[in-house]
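Scope of the values below: all heavy atoms of this structure, side chains included, with no hydrogens, waters or symmetry mates.
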Amino acid sequence: MLGHVISCLTSFDLWITLERLYRTSSKARILQLHLQLQSLKKGSLSIHDYILKMKNITYGLFAAGQLLSDDDLILYILGGLDHEYEAMVFNLTSKHDQFTLQEVQYMMHSQEIRMEQLHSISNDYSIPATHLATKNHISLTIGKHTTQTSHLVATPTTLVAMVEAEDVQTITDLSGNSAIDQVI
């Protein structure tokens, strides 16, 4: 720093030199912060953490002397969202209404909660394709013989091993619903 100002003869020269130095670094910092806003993606961050990071970058812009409008911040935020939020982004950007940052944040948080609920529901009801399990009584028909059991839990491989060379015609629960037809 001293090397930049040592040749200044007056306080005015000193002031102008310092202003130029800080203006240059501020412009570089502003460009860097804008690049961060453009490139930041939500990824695995929660909506809360993602928006907080975006706001912290805008605070850096403010400290460097540039104020970013909420509309611009909203566009940066929407630009960094995953495809899961595409419908919401389309709805927000295609309407003529103006949304506040708080409204957008609320909508995004609601969407995040909804996606977590749907993901939780789909995990609760998904049945792995490699397993056959039921709490109901099972009727297993092998060739001409029918076996009743309430404890059939098997992968297709172990089911084939259980019946060995016999043909499994049907596996049904007691209500008559077919679980597997013509396995082998």
Side-chain angles (χ1 to χ4, degrees), residues 1-135 153 155-156 177 179:
M1 179 64 73
L2 187 59
H4 293 286
V5 295
I6 199 151
S7 63
C8 296
L9 300 175
T10 65
S11 60
F12 179 76
D13 291 339
L14 177 68
W15 183 259
I16 296 297
T17 303
L18 288 174
E19 184 181 19
R20 285 183 191 149
L21 284 173
Y22 284 108
R23 187 177 333 137
T24 303
S25 66
S26 291
K27 284 184 180 182
R29 179 74 176 141
I30 288 170
L31 289 174
Q32 177 192 20
L33 292 170
H34 276 288
L35 182 60
Q36 285 180 359
L37 282 171
Q38 290 173 348
S39 62
L40 183 63
K41 303 294 179 203
K42 180 192 171 294
S44 62
L45 295 172
S46 69
I47 289 295
H48 174 77
D49 291 342
Y50 173 63
I51 292 178
L52 187 61
K53 278 190 171 200
M54 289 293 225
K55 284 182 177 180
N56 284 336
I57 295 170
T58 61
Y59 298 150
L61 281 170
F62 181 73
Q66 188 175 38
L67 183 62
L68 189 71
S69 72
D70 279 354
D71 289 341
D72 289 338
L73 179 57
I74 289 169
L75 290 176
Y76 281 123
I77 289 171
L78 295 178
L81 293 176
D82 302 330
H83 69 278
E84 298 167 327
Y85 293 87
E86 193 61 35
M88 187 191 70
V89 171
F90 177 78
N91 284 332
L92 286 172
T93 56
S94 65
K95 292 189 180 198
H96 297 288
D97 300 335
Q98 289 273 334
F99 293 100
T100 66
L101 181 58
Q102 289 76 23
E103 290 171 328
V104 171
Q105 186 172 356
Y106 174 77
M107 287 184 245
M108 290 170 57
H109 186 66
S110 296
Q111 176 75 12
E112 179 180 52
I113 290 171
R114 179 72 177 142
M115 286 188 308
E116 287 172 359
Q117 289 172 340
L118 290 174
H119 182 70
S120 174
I121 289 170
S122 68
N123 283 343
D124 290 344
Y125 289 108
S126 66
I127 300 172
T130 59
H131 290 88
L132 169 66
T134 183
K135 294 180 182 177
V153 177
T155 66
N177 295 326

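Here the closest non-hydrogen pair linking Y50 and Y76 is OH-O, 3.7 Å. Nearest heavy-atom pair, I74 versus F99, reported as atom, atom and distance to 0.1 Å: CD1-O, 3.4 Å. Residues E112 and I47 come closest through the heavy atom pair OE2-N, 2.9 Å. When all heavy atoms of L67 and F62 are compared, the closest pair comes out as CD1-CD1, 3.8 Å. What you find for I57 and L37 is that their closest heavy atoms are CG2-CG, 3.5 Å.
Contacts of Y106 classified as side-chain contact (heavy atoms from CB on, under 4.5 Å), with partners at least two apart in sequence or in another chain: S110. Qualifying side-chain contact (heavy atoms from CB on, under 4.5 Å) partners for L14, counting only residues two or more places apart in sequence or in other chains: V5, C8, L18.
Atom CG in L78 sits 9.0 Å away from atom CE in M54 (nearest 0.5 Å). A distance of 4.5 Å separates CG in L61 from CG in L33, rounded to the nearest 0.5 Å. Taken to the nearest 0.5 Å, the CG atom of L45 stands 7.0 Å off from the CG atom of L40. Distance check: I30 CD1 to L35 CG gives 13.5 Å after rounding to the nearest 0.5 Å. To the nearest 0.5 Å, atoms CG (N91) and OG1 (T93) are separated by 8.0 Å. From D72, atom CG reaches atom OG1 of T58 across 11.0 Å, with rounding to the nearest 0.5 Å.
Judged by distance alone, the side chain of T17 and the main-chain N or O of D13 form a donor-acceptor pair under 3.5 Å.
A donor and an acceptor atom, one from each side chain of R29 and Q32, are located under 3.5 Å apart.
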Please list every donor-acceptor pair under 3.5 Å in which a side-chain atom of residues 79-90 meets a protein atom from a residue at least two apart or in another chain.
none

May I have the step-by-step check of side chain to side chain contact (heavy atoms under 4.5 Å, CB included) for D71 and Q98, ending in yes or no?
-> CA-CA 8 Å; D71 289 341; Q98 289 273 334; 3.3 Å; yes
Any chance you could lay out the side chain to side chain contact (heavy atoms under 4.5 Å, CB included) test for K42 and M108, step after step, and finish with the verdict?
-> CA-CA 11 Å; K42 180 192 171 294; M108 290 170 57; 5.9 Å; no
Applying side chain to side chain contact (heavy atoms under 4.5 Å, CB included), run through I113 and H109 and close with a yes or a no.
-> CA-CA 6 Å; I113 290 171; H109 186 66; 3.4 Å; yes
